[in-house]
Structure formats: structure tokens, C-alpha cells
> 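The structure that follows is given in the form of C-alpha cells.
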Amino acid sequence: MIDQDRYDELISFQSHAPGYWPESAMATWQDHKWQLKNRINSLAALEDKINLSREERSGILLSGNKLAMSITPHFMNLVDKDDPGCPIRRQIIPRVEETWDDPAELNDPCGEDSHMPVPGLVHRYPDRVLFLVTDRCASYCRYCTRSRVVSGVGEQTLETQYEAAFEYLERTPQVRDVLLSGGDPLLFSDGKLEKIISRLRSIPHIQFVRIGSRIPVFLPQRITQELCDMLKKYHPLFISIHVNHPKELTEEVREALGRLADSGIVMGNQSVLLKGVNDDVTTQRALVHKLLMCRVRPYYLYQCDLIKGSSHLRTSVAKGLEIIEGLRGHTTGYAIPQYVIDGPGGGGKIPINPGYVVEHTDNQVTLRNYEGKRFTYPEPSQIEAPTV
Ligand SMILES: *Cc1c(COP(=O)(O)O)cnc(C)c1O
Ligand code: SF4
């Protein structure tokens, strides 16, 4: 079921520096500020490095008022120079297909805007909130579920009211878990981030804080020892990273994740199932195995949200189920993410699983295992066991 040669190629950790920047000194390369300043954000800068297809060239020209293009040099080095089908290219280089909206697509596919008690704070589930602290990222993913506000070039802007959000959390004792997201919170300076985390941790009913970030993958240079030393003062702290393809786990990324793990931060990964990027078992198997080697537990595999202009990146639910089938039982249980669909319009994350329950009656459940073999498990007997 898996292509062993391709798996062997995908599973290795590589460094691609300096790649398209042969003239840069190592000290410069390792400076995250240099990486941010030298991001690729124009057609001319991109064409200077790689050969673009017509679909990409038009996509870039038309993306300016929807979701900006921006690619860190580190991530750019993962891009294949000549192949428009390259799984890294498809994630961060706009294509003309983005300008076409499927009628089922939505501006706010997860219905977040209607669940904000305070601008920037999404309170959908009873005991936890999503706190959108910024609209900027190190690079922009073409399928971003929050592309309506992220990158700052679209029609809508994110107007987070920090003080009102903190006050809401202070007077809402049922919230015990705060997820910082955006945009990417790790783009903030250590000082600014510390102000937010320490304020949250000073609220007695908030049991823990977590951060959703793609910075370890787009900009591993940002994961400095100083950042880790600051973060570890606020345990328990969890970080959810976002990796879609095994090639994204480079040597530098593995080292950055190692620094976070050594600081005691618990890490999970969220992937989005994307057509032509990671919609096959071999790629997913290499991805989840590399994540475990980086001390990151696969957390969620998302069916791609119905974001406008994403139809060329979406794949079928059957494909997602086939991938989970191809992992469960065949590999380490820790390696298997939960496949979810965010209910369009605001249903929240809904788990979807291959059907391992064949039949369930009052008396027994009939199951099938990963090899397709059948088993029955009797329900507890209605007749009480005799006592002495
Ligand atoms: C994803 C999400 C969360 C966190 O969900 P978990 O399943 O606990 O990781 C919280 N709030 C919102 C609005 C979310 O979209
Ligand atoms: S890093 Fe996250 S928030 Fe930023 S563009 Fe990608 S998916 Fe969107």
C-alpha cells in the first residue's frame, strides 16, 4: 500500500540552506529578522529564483487584494525550481484557481465571527476559547481558514480588543483553556508575547495556555533559546504546530522543535489534507513518523475548510478516511491524528473515522480490525452474577 522508495526519500531530515541565497553568510541566515526582511512577496522576486507556470503568474498578480504572498527564505528553499506540482509550492504560491469561488465556499467557513463575545476572541466551546492575537504570519498558506482577515490585504480586518478580551476571560470562570492563534503569535517579540501569556496565567481559573503556530516550520530561526527560556516560565504550555508535508521537517526545524521540547513544552501537530500535497498514505506515513522523531504528536488532520478559492486544494472525505485506514493498526498509535471536519458555518470540529463498528445490537458489537477480520464483543450480561 505504500511506496517504499518514496517513503525512504521523504523520511530523511535535510538542510536546504543556503539554497536560493548562495551569497548569504550563515550568521545572516540564522537571524530571524533577516529572514523576515528578505521574504519573497512579489512576482519579480519570485521569478528571480524559480520558473513559474502561467497559472502561478496570474495567481500572484491577482492575489494582492485577497491574501498576500509572502515566503521566508528558509521555506522558499524547500520549493522545487521547475515543478509547479511541488507540494511546497502549492501551499504558498498563489494560483489562478484561487480567483474562482465554488458556490459552497464561504468567507468565514468556521463561523467564527458570529461566536465572538469580544472582537478577536472566539468562544464556541463551553470551556475553552480561541484568542486571535494577530493577523500576521511569517508566510501565508493559500488555504488559510482565516484568509478573510490574515495578511491585512483583504476586505475584512482583525480588530482584536485585548483589554476587553482579558476582562471577559477574568469574569468567565468556565474558560479553563486559552488557545492563542491568529495569524501567528510567535511573530510577536518575546516581551509582547510574555505580557499576554503572563496576564492569562494570572487568571486563577485558566488552567493552561496553548499556542497555535507555524513559525517553527516557516521560520525555525525564531525559536531562540531566549524565547524558550521565557515560555518555560509559564507551564503548563502546549504548542500546536502546523506541518503538512514531510519535506517541511528539515534539520533546522528538528533542532528548533528540540529546543521547545527540551523546555518542557508539549507539542502536537495539525495538518490540513490538501490535494497534490499530502493526500496519499505514503506521504502521510512519512509525515507522522518524522513528527514523532521531532517529539511532536500528530493531533488533528483537518479536512480542508470551504474557504473561498480553495477548490483546487480540496480532496474528498473518502481520501481522508483511506489515509486513516492506512495508518491505524499499520503503525504506532501515537502517530495517528484524529481526522476532523470543522462543521461548515460553525459546527466546530467533528471527528470522522473509518467504520470499524460493523453492527451494534443490545447484546453485542461486531467489529472489524485493520486487516478486515471480524470480531464480536458481548455487552455486559443483563443477568446479575450470583453472589455468595
Ligand atoms: C479548534 C478550536 C478550539 C480548540 O479545540 P480543541 O479540539 O480543544 O483543540 C477552540 N475554539 C475554537 C473556536 C476552535 O476552532
Ligand atoms: S500560518 Fe496559519 S494563520 Fe497563517 S496563513 Fe498559514 S494557516 Fe493561516
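For ligands, and for the atoms within them, numbers begin at 1 and follow the listed sequence. For reference, positions follow the sequence shown, starting with 1.
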> Would you mind listing which atoms of ligand 1 come within a distance below 4.0 Å of any non-hydrogen atom of Val122?
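In order of numbering, the contacting atoms are 13 (C).
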> Evaluate the criterion salt bridge (Lys or Arg N to Asp or Glu O under 4.0 Å) for residue pair Arg214 and Glu248; output intermediate values, then yes/no.
CA-CA 11 Å; Arg214 213 180 177 191; Glu248 296 167 44; 2.5 Å; yes
> Could you tell me whether Lys232 atom NZ has more than 12 heavy atoms of other residues or ligands within 6.0 Å of it?
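Enclosed: over 12 neighbouring heavy atoms sit under 6.0 Å from NZ of Lys232.
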> Need the ligand 2 atom indices (1-based, order shown) with element for anything under 4.0 Å from a heavy-atom of Cys137.
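Close to Cys137: 1 (S), 3 (S), 4 (Fe), 5 (S).
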> Report the nearest protein non-hydrogen atom to atom 9 (O) of ligand 1: residue, atom name, distance rounded to 0.1 Å.
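Looking only at protein heavy atoms, the one closest to atom 9 (O) of ligand 1 is Tyr299 OH, 2.6 Å.
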> Under 4.0 Å from ligand 1, counting heavy atoms only, is it the side chain of Arg210, its backbone, both or neither?
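For Arg210, the contact with ligand 1 is made by the side chain alone.
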> Give a yes-or-no answer on whether the side chains of Thr283 and Arg6 include a donor-acceptor pair shorter than 3.5 Å.
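Checked: Thr283/Arg6 side chains pair up, N/O donor to acceptor below 3.5 Å.
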> If you define the side chain from C-beta out and look only at heavy atoms, does anything of Met116 sit under 4.5 Å from Leu132?
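Of all side-chain heavy-atom pairs linking Leu132 with Met116, at least one is under 4.5 Å.
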> Any donor-acceptor pair under 3.5 Å linking the side-chain atoms of Thr361 with those of Glu359?
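Looking only at side-chain atoms, Thr361 and Glu359 do not form any donor-acceptor pair under 3.5 Å.
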> Considering heavy atoms of the protein only, find what lies nearest to atom 8 (Fe) of ligand 2 and give residue, atom and distance to 0.1 Å.
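Ranking protein heavy atoms by distance from atom 8 (Fe) of ligand 2, first comes Cys144 SG, 2.3 Å.
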> So if I count the atoms of ligand 1 from 1 in the order they appear, which ones are less than 4.0 Å from some heavy atom of Leu130?
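Every atom of ligand 1 under 4.0 Å from some heavy atom of Leu130: 11 (N), 12 (C), 13 (C).
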> Can you see whether Gln284 engages Asp279 through a side-chain donor-acceptor pair at a distance of less than 3.5 angstrom?
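No, Asp279 and Gln284 have no side-chain donor paired with an acceptor closer than 3.5 Å.
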> Judged by modelled atom types alone, do Glu252 and Ser15 share a side-chain donor-acceptor pair under 3.5 Å?
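Judged by distance alone, the side chains do pair up.
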> Enumerate the atoms of ligand 2 whose separation from the nearest heavy atom of Gly183 is less than 4.0 angstrom.
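Near Gly183, the atoms of ligand 2 are 3 (S).
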> Under 3.5 Å, is there a donor-acceptor pair between the His360 and Glu379 side chains?
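Yes, side-chain donor-acceptor contact under 3.5 Å.
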> Could you work out, for atom 1 (C) of ligand 1, the closest of Lys349, Arg128, Gln270 by heavy-atom distance?
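Result: the heavy atom closest to atom 1 (C) of ligand 1 is in Lys349.
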> For ligand 1, which atoms sit closer than 4.0 Å to a heavy atom of Tyr125?
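Taking each heavy atom of Tyr125 in turn, ligand 1 has 2 (C), 3 (C), 10 (C), 11 (N), 12 (C), 14 (C) under 4.0 Å.
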> So, is Cys141 placed with an N/O/S atom under 2.8 Å from atom 8 (Fe) of ligand 2, counting both backbone and side chain?
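Under 2.8 Å: Cys141 has no N, O or S contact with atom 8 (Fe) of ligand 2.
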> Any cation-pi pair here, Arg254 with Phe13, using under 6.0 Å and within 45°?
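Because its charged atom sits under 6.0 Å from the ring centre and within 45° of the axis, Arg254 does stack over Phe13.
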> Look at atom 7 (O) of ligand 1 and say which protein heavy atom is nearest, naming residue and atom and giving the distance to 0.1 Å.
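The answer is Tyr300 OH, 2.5 Å.
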> Relative to ligand 2, is His242 under 4.0 angstrom through side chain, backbone, both or neither, heavy atoms considered?
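Near ligand 2, His242 shows its side chain, while the N, CA, C and O stay back.
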> Considering only protein heavy atoms, which is closest to atom 1 (S) of ligand 2, and at what distance to one decimal place?
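Checking every protein heavy atom, the shortest distance to atom 1 (S) of ligand 2 gives Arg214 CB, 3.6 Å.
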